[in-house]
Amino acid sequence: MRYLFLLTFAMLFANSLQANESKVCQKCHPIIYEEYYESSHRNASVYNNPIHKAMWDNHPKDEKGYTCAKCHSPSDIEALKSGKLAKNETQIQEPISCIYCHSIKDVEEGESSNTNITTGKTKEFYTAEKGKKGKAEYETTKSWFGLVKESKSSPYHKIDYDNENFYSGNVCMGCHSHTNNEHSFDITMLDAKIDEKDKNSCITCHMPQVLGTKVTINETKTHAYHGIAGIYHMNKNMGEYIEFKLSKNSDNFSVEVINKSNHALFGQAFRQGILKAEINRGGKIIELEPFIFERILAKDGAEVMPWDAKETLKDTLVYAKREVLFKKSLQKNDKLVLTLGVQRISKEGAKKLGLEDNKELTKFRVLKSEKFNF
């Protein structure tokens, strides 16, 4: 009976795959789908992301049409091929679908931007799991005189565990490496590097193992988080990859912000990182002027929109590390609290894009907070 159910469902799976690819995946991966649905990947399109929409609305238009589909909605084939942008189910429900990411065979490096090379297959997907290699196909084993049947792998698609890009994090580099404008100027400046010697990768940081089964057929204790940890979700977990090193002087103190990830922090246009310092001195709270981490893009010495930029007017990003000086002495019995956070878009950027009324976008999201006693 169970075999008949699986066979029937497999047929439904094949027939409905083109309608809403990711919704089909929900049948066996409900926890992962729920996370994905709230993720930056599902919310990457013009119709789901207010910052991206405002950017595109202000972007000069030409015969190329919508040129952001390559990374913001690659599952919309029409937008990807023709540049014609239209509000449809794919743009709203799965601009970057489950199948798209799990079909990335390799990443082709480019001068202006990288390009994902996908297999085009709809029933064979890549994934990564420690200790597993090769391709897995559906099979069942019987035990207890044939009364109990156990399933292995998926009855709906093949699984390939041999793509090293899914282990190293290079699978992310098709869209999260660099993006040059028409002036050959990088407007994202993630400065991301994939090195096999790295302890951390895109996957370990942004898709950590969390509780909950990854599939209903064969239950597991944990699964890779598909909500994409970062400034949207699990932001405080990012503090694991940031370290504060404090140096005290007679009339000031400095904080070295050490970045243990493999990319620069806060590089996107109009994004802003903020380091706050608060001293508790005998019950009195002293708030120091915060330090701003940002990269301001310019042309001819004046700030401009990303597509017009030819130079950097200001760069205080955290690459490997960044030292910040606070002009305030620390005294005995002082209690210092350092808090590093991020705004998806700065208040100035929100105003330029007409998003100043959307307070969620400029909300201060804590990445790391640490206390020091003297």
Side-chain angles (χ1 to χ4, degrees), residues 17-23 36-37 39-120 122 171-190 228 232 267-271 297-299 303-310 344-345 349-350 352-355 358 361:
L17 194 57
Q18 299 302 319
N20 188 329
E21 296 174 348
S22 301
K23 190 71 176 177
Y36 158 78
Y37 200 76
S39 73
S40 53
H41 282 180
R42 206 283 295 183
N43 289 288
S45 78
V46 163
Y47 303 100
N48 297 337
N49 187 319
I51 297 177
H52 181 48
K53 181 182 187 305
M55 283 284 197
W56 178 245
D57 287 347
N58 283 275
H59 194 287
K61 308 298 189 294
D62 57 25
E63 67 280 357
K64 295 178 183 177
Y66 181 63
T67 55
C68 308
K70 181 179 178 181
C71 285
H72 280 272
S73 52
S75 295
D76 187 341
I77 304 302
E78 179 64 25
L80 188 64
K81 290 184 176 180
S82 69
K84 295 180 180 179
L85 183 63
K87 190 174 184 179
N88 55 47
E89 185 178 16
T90 300
Q91 286 284 340
I92 296 171
Q93 298 295 335
E94 50 174 4
I96 307 173
S97 70
C98 304
I99 285 180
Y100 178 80
C101 283
H102 285 276
S103 298
I104 297 174
K105 181 180 181 180
D106 207 350
V107 174
E108 182 181 90
E109 294 185 0
E111 186 176 339
S112 296
S113 64
N114 292 345
T115 301
N116 289 322
I117 307 301
T118 59
T119 63
T122 58
V171 66
C172 306
M173 290 299 98
C175 288
H176 298 282
S177 173
H178 63 286
T179 303
N180 291 357
N181 63 17
E182 292 184 356
H183 306 296
S184 299
F185 185 80
D186 187 358
I187 60 176
T188 56
M189 201 55 192
L190 280 174
I228 313 300
Y232 288 83
Q268 291 87 342
F270 296 129
R271 186 152 297 171
L297 309 181
K299 177 182 178 182
E303 183 177 5
V304 294
M305 288 296 190
W307 44 86
D308 290 324
K310 292 185 176 182
R344 285 171 58 187
I345 187 171
K352 289 178 184 294
L353 293 173
L355 297 170
N358 191 333
L361 302 179

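Keep in mind that this is a model prediction, so the values were computed, not measured.
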Once you round to the nearest 0.5 Å, how far does NZ of Lys64 lie from OG of Ser82? 15.0 Å
When every non-hydrogen atom of Phe270 is compared with those of Glu303, the smallest separation belongs to CE2-OE2, 3.8 Å
Does the side chain of Gln91 reach to within under 4.5 Å of the side chain of Leu85, using non-hydrogen atoms? yes
Closest non-hydrogen atom pair, Cys101 against Ile96: SG-CG2, 3.7 Å
If you look at every heavy atom in Val304 and Ala298, which pair is closest and at what distance? CG2-C, 3.6 Å
Is Asn43 reaching over with its side chain to a backbone N or O of Asn49, donor-acceptor style, under 3.5 angstrom? no
Heavy atoms only: give me the nearest Lys352-Met305 pair and the separation to one decimal. O-CE, 4.2 Å
Quick check: does any side chain N or O of Asp186 sit under 3.5 Å from a backbone N or O of Asn180, one acting as donor and the other as acceptor? no
Donor-acceptor check, side chain of Asp76 to backbone of Ala69, threshold 3.5 angstrom: yes or no? no
From Arg42 CZ over to Tyr232 OH, what is the distance, rounded to the nearest 0.5 angstrom? 11.5 Å
Separation between OG1 of Thr67 and CG of Asp62, rounded to the nearest 0.5 Å: 7.5 Å
Given side chains that start at C-beta, do those of Lys61 and Trp56 come closer than 4.5 Å, heavy atoms only? yes
When rounded to the nearest 0.5 Å, the distance separating NZ of Lys23 from CD of Glu94 is 10.5 Å
Are there more than 12 heavy atoms of other residues, nucleotides or ligands under 6.0 Å from atom NZ of Lys70? yes
Say you draw a straight line from CZ of Arg344 to CG of Leu355; how long is it, rounded to the nearest 0.5 Å? 10.0 Å
Got a donor-acceptor contact below 3.5 angstrom from the His72 side chain to the Ala44 backbone? yes
Regarding Asn116 and Tyr100, do their side chains bring together a donor and an acceptor under 3.5 Å, going by distance alone? yes
Minimal heavy-atom distance between Asp308 and Lys299, with the atoms involved, is O-CD, 3.6 Å
Got Tyr37 and Gln93 here, is their nearest side-chain heavy-atom distance under 4.5 Å? yes
Any side-chain heavy atom of Ile92 sitting closer than 4.5 Å to one from Asn48? yes
Roughly how far, to the nearest 0.5 Å, is OG of Ser22 from NE2 of His102? 9.5 Å
Shortest non-hydrogen contact between Pro306 and Asn181, atoms and distance: O-ND2, 2.9 Å
Main-chain N/O of Met173 paired with Asn114 side-chain donor or acceptor, under 3.5 Å: yes
